[in-house]
Amino acid sequence: MDANTKAALEGFGAVWSRVCGGQPEADGRENGLEALRGFIADEACAAAYYEAAAGRFPRFAQRLRELARDERGHLRSLQGEHFLLTGEIYLPPESCPLPRGGLRALRRAYCDELEAAAAYVSAAQGADEALAGLYRRNASDEERHASILKELILRAL
C-alpha cells in the first residue's frame with residue numbers, strides 16, 4: 001500500500017461511524033465549548049428572569065435589576081471568550097422566563113445560583129487558565145447572588 005492510500009485510510013473508522021449515524025468523538029476542546037455555550041445560555045436566562053422578577057416583585061425590584069445587570073456582564077464576558085476561542089459570535093437561544101409562585105420562584109432562583117456556582121467551580125478545574133479565571137470569578141458572583149436572594153427571601157417572610 002502506498003503512502004497516499006495509507007494516509008487516506010487513517011481516520012476512516014471515525015468517518016464511517018458518522019456515516020452510520022454514530023456520534024463523532026468529542027475532543028476536550030469541543031466539550032469545553034459545549035460547557036461554555038451552556039454557561040452563556042444559563043446567564044442569558046438568568047438575566048431575563050431577574051428582569052421579569054423585578055416587575056413581579058416591586059419591593060425587591062432594585063436588587064433584582066442589579067442581579068440582572070451582573071448576569072448580563074457574565075453573559076458578555078462568556079460570549080467574548082467564545083469569540084476569542086472560535087472566531088464566532090454565539091447567541092444563546094431565546095428564553096422568556098415568567099417568575100411564578102412568589103417566594104417559591106425566588107427560592108428556585110436561589111437554588112439555581114448555588115448550582116451555577118458549583119458548575120463554574122467544576123468547569124474551572126478542566127479549563128485553560130484564562131477561562132478558568134473567568135469561571136472562578138463567575139462562581140464567586142453566583143455565590144454572592146445566592147446570598148442576596150437569601151436575604152430577600154428572609155426579609156419577605
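By convention here, the first residue in the shown sequence is residue 1.
Under the 4.5 Å side-chain contact rule for hydrophobic residues, Leu154 and Phe60 share a cluster. Val121 and Leu134 are not part of a single hydrophobic cluster, where members link through side-chain heavy atoms under 4.5 Å apart. Leu103 and Leu149 fall within a single hydrophobic cluster, where Ile, Leu, Val, Met, Phe, Trp and Tyr side chains are chained together by heavy-atom contacts under 4.5 Å.
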*asked:* Using salt bridge (Lys or Arg N to Asp or Glu O under 4.0 Å), reason through Arg137 and Asp141 one step at a time and then give a plain yes or no.
replied: CA-CA 6 Å; Arg137 286 189 302 277; Asp141 281 350; over 6 Å; no
*List the steps and the verdict of side-chain contact (heavy atoms from CB on, under 4.5 Å) for Glu142 and Glu115.*
CA-CA 9 Å; Glu142 301 300 354; Glu115 290 171 14; over 6 Å; no
*Trace of the salt bridge (Lys or Arg N to Asp or Glu O under 4.0 Å) decision for Arg69 with Glu66*: CA-CA 5 Å; Arg69 186 190 68 237; Glu66 289 170 5; 5.4 Å; no
*Would you please test Arg76 and Glu81 for salt bridge (Lys or Arg N to Asp or Glu O under 4.0 Å) and show each step?*
CA-CA 9 Å; Arg76 284 189 299 276; Glu81 287 297 326; over 6 Å; no
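For the atom pair Ile148 CD1 and Glu113 CD, the distance stands at 9.0 Å (nearest 0.5 Å). Leu36 contributes atom CG, which lies 9.0 Å from atom OH of Tyr90 (distance to the nearest 0.5 angstrom). Taking SG of Cys45 as the reference point, atom CG of Leu75 lies at 11.5 Å (rounded to 0.5 Å). Considering CG of Leu64 and OH of Tyr49, their distance stands at 8.0 Å, rounded to 0.5 Å. Tyr110 contributes atom OH, which lies 7.5 Å from atom CD1 of Ile153 (distance to the nearest 0.5 angstrom). Ser147 OG to Leu114 CG: the interatomic distance, rounded to the nearest 0.5 Å, is 8.0 Å.
In this structure, Phe39 has its ring center closer than 6.0 angstrom to the ring center of Tyr135.
Listed for the Ser122 side chain is no donor-acceptor partner under 3.5 Å among the backbone atoms of Ala118.
Summarising the geometry of Ala41 relative to Pro92, their closest heavy-atom pair is CA-CB, 3.8 Å, with the distance given to 0.1 Å. A pairwise comparison of heavy atoms in Ala68 and Glu51 identifies CB-OE2, 3.5 Å as the closest pair. The shortest non-hydrogen separation linking Arg136 to Ala124 is CG-CB, 3.9 Å. Across Leu131 and Ala127, no two heavy atoms sit closer than the pair CB-CB, 4.0 Å.
Side-chain contact check for Tyr50 versus Glu71: some heavy-atom pair is nearer than 4.5 Å. Looking at Leu91 and Ile40, their side chains never come closer than 4.5 Å, going by heavy atoms from C-beta outward.
Every residue was checked against the side chain to side chain donor-acceptor pair (under 3.5 Å) condition with Glu143, not counting sequence neighbours, and none meets it. Listed by chain and number, the residues in a side chain to side chain donor-acceptor pair (under 3.5 Å) with Arg144 are Asp70 (sequence neighbours excluded).
When the shell of 6.0 Å around CD1 of Ile89 is examined, it contains 12 or fewer heavy atoms from other residues, nucleotides or ligands.
Neither side chain, Gln79 nor His82, offers a donor N or O lying under 3.5 Å from an acceptor on the other.
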